[in-house]
Amino acid sequence: MFKITTEVITGAEVREAVEGPDAGAVVLFFGTVRNNTDGRAVRCLEYEAYPPMAEKKMAEIAQEISEKWGIDRVAMVHRVGKLEIGEVSVAVAVASPHRKDGFEACKYAMDRLKQIVPIWKREVWADGEAEWVKPDAVFFDTAKPHKTAPQTD
Amino acid sequence: MFKITTEVITGAEVREAVEGPDAGAVVLFFGTVRNNTDGRAVRCLEYEAYPPMAEKKMAEIAQEISEKWGIDRVAMVHRVGKLEIGEVSVAVAVASPHRKDGFEACKYAMDRLKQIVPIWKREVWADGEAEWVKPDAVFFDTAKPHKTAPQTD
Amino acid sequence: MNVTVKYFAVCHEMLDRSEEEMELPEGATVQTILKRLEEEWPEIAEFYEVMQMSVNWEYATENTELAEGDEVALIPPVTGGFDV
Amino acid sequence: MNVTVKYFAVCHEMLDRSEEEMELPEGATVQTILKRLEEEWPEIAEFYEVMQMSVNWEYATENTELAEGDEVALIPPVTGGFDV
């Protein structure tokens, strides 16, 4: 299960996708929206994706995991649209016979997701400013308000 | 939250215990009952614990994690009694600002739980035999039926 | 030939559109599209060095040749998932 | 003095009881309890080398001294969590 969704992520969807009577260890990762980034107050986040390519890349990550660890039970879901503080942006589940492999594979999935899956985050600060984020730095400060950005609360 | 329980573990209990608006990465581990051990069919498992000491040792593991990674949001719950195939025996949740630390700390919690927390597992095989398990080998083959072992299905 | 070009995130914002059809000469490559966009909006070229391109949902290079009906996309640095 | 001794898992099964009160002489240690159990059930001594003991919810050694009201437990090798 590799999915871009606009729905709330509960975790049950990825967990159910990997569970089975012969898989004893399930490792889950949830990324949630924090109320601050480097100390600056965040109002909400907006995620945009290129869904067909994102889902294809997620499946490729699962294929890499299958080759590295022999684990075939991997599920990933990433939400897009506006997310409030505390909401889950991404969930990854890995079921494996050995817990060590499960932790490694789940971490690997998240590392790769951030490298190759076309999804972008826009931070909407508490003061109303907004900007697209790039890895390790702000990529682009928007001069004009973004079309989908909330201007008031 | 460090708890020995006879209730079904959903995962929500540990997740809610660690979540917060400033903690972005949540790593969860679930151990579930598999339908076989080394190829031998399992009917169910029985777990016994020494609850006050188990909960004390869980809290000590959390203290170790706090010292090693500076992570204070750790929750652990372990179920006791008879567990059916697919049911969750143990759940650990760690919320952290950095996902790498979260994975390491969650794995550490499970490693330590298996070392120092007084909980014991008894395997009830599909053929009705039952035995207490010891790390890496069967500790003791029971000649007589255990008081709480199901003799029929 | 005709291809579809998609713009996401900061590119979407800069160009003020999320996709368009483009008619390209035979033998066109990804580079052909990049040059055409630069003519319209010179600032976008500043971001080319950090940007990737895709053709039919796969990462591509400037020299990737295009064919009728291809779906091309400008891929700004991806920032999905969780921050740290 | 009186202490409570608890037996879990395989010990519970071998001794056919989960706990008992034991009256011990002053100066008794964990060792005193182990010897008394061995008198009752010699086979249990085979497991002493893989077993641990606790006093008041903390791992203890054979030489740990006991006091009135202590809760002592025989701790077979722990196997909680998930197998592998």
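So that the names make sense, note that chain A is the first sequence line, chain B the second, and so on, each numbered from 1.
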Next on the checklist: Looking at D/E65, I'd like to know if its CD atom is crowded, meaning that more than 12 non-hydrogen atoms belonging to other residues, nucleotides or ligands lie closer than 6.0 Å.
Outcome noted: no
Checklist entry - So with a 6.0 Å cut-off around CD of D/E23, is the heavy-atom count from everything else above 12? => result no
Checklist entry - Among all residues two or more places apart in sequence or in another chain, which pass the salt bridge (Lys or Arg N to Asp or Glu O under 4.0 Å) test with D/E58? => result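 Per chain and number, D/E58 pairs via salt bridge (Lys or Arg N to Asp or Glu O under 4.0 Å) with B/K56, B/K57.
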Next on the checklist: Report which part of B/A49 has an atom under 4.5 Å of a heavy atom belonging to chain D: side chain, backbone, both, or neither.
Outcome noted: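 Backbone only.
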Next on the checklist: Between B/Q115 and chain D, with a heavy-atom cut-off of 4.5 Å, which part of the residue counts as in contact: side chain, backbone, both or neither?
Outcome noted: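 Looking at B/Q115, just its backbone touches chain D.
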Item to check | B/Y50 and D/F8 aromatic ring geometry - parallel, tilted or perpendicular at 30°/60° bounds | outcome: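 D/F8 and B/Y50: tilted rings.
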Which atom names give the shortest non-hydrogen contact between [X] and [Y], and what distance separates them?
{"X": "B/Y47", "Y": "D/G80", "answer": "CE2-CA, 4.2 Å"}
{"X": "B/K114", "Y": "D/V78", "answer": "O-CG2, 3.2 Å"}
{"X": "B/E48", "Y": "D/A9", "answer": "OE2-N, 3.1 Å"}

Checklist entry - So, do D/Y59 and B/P118 sit near enough that their side-chain heavy atoms are less than 4.5 Å apart? => result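 A side-chain contact under 4.5 Å exists here.
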Item to check | Choice from B/I116, B/L45, B/V80, B/T32 maximising heavy atom contacts with chain D below 4.5 Å | outcome: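 When all of B/I116, B/L45, B/V80, B/T32 are compared, B/I116 has the most.
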Checklist entry - Under 3.5 Å, side chain of B/W120 to main-chain N/O of D/P76, donor-acceptor pair present? => result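 Side chain of B/W120 to backbone of D/P76, a donor-acceptor pair under 3.5 Å: yes, one is there.
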Checklist entry - Taking it one step at a time, do B/E55 and D/W57 satisfy side chain to side chain contact (heavy atoms under 4.5 Å, CB included)? => result CA-CA 10 Å; B/E55 292 171 2; D/W57 314 348; over 6 Å; no
Next on the checklist: Using the side-chain contact (heavy atoms from CB on, under 4.5 Å) criterion, which residues pair with D/E49? Sequence neighbours excluded.
Outcome noted: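 Partners of D/E49 under the side-chain contact (heavy atoms from CB on, under 4.5 Å) test: none.
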Checklist entry - Out of curiosity, D/E13 CD to B/E131 CD, how far, rounded to the nearest 0.5 Å? => result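 Rounded to the nearest 0.5 Å, the CD-CD separation comes to 10.5 Å.
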Checklist entry - Out of curiosity, B/M53 CE to D/I75 CD1, how far, rounded to the nearest 0.5 Å? => result 4.5 Å
Checklist entry - What residues of residues 4-17 of chain B sit under 4.5 Å from chain D when only non-hydrogen atoms are counted? => result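 If one takes a 4.5 Å heavy-atom cut-off, no residue of residues 4-17 of chain B lies near chain D.
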Checklist entry - Please, which pairs that meet side-chain hydrogen bond (donor to acceptor under 3.5 Å, both in side chains) have at least one residue in residues 84-97 of chain B, sequence neighbours excluded? => result B/R79-B/E87
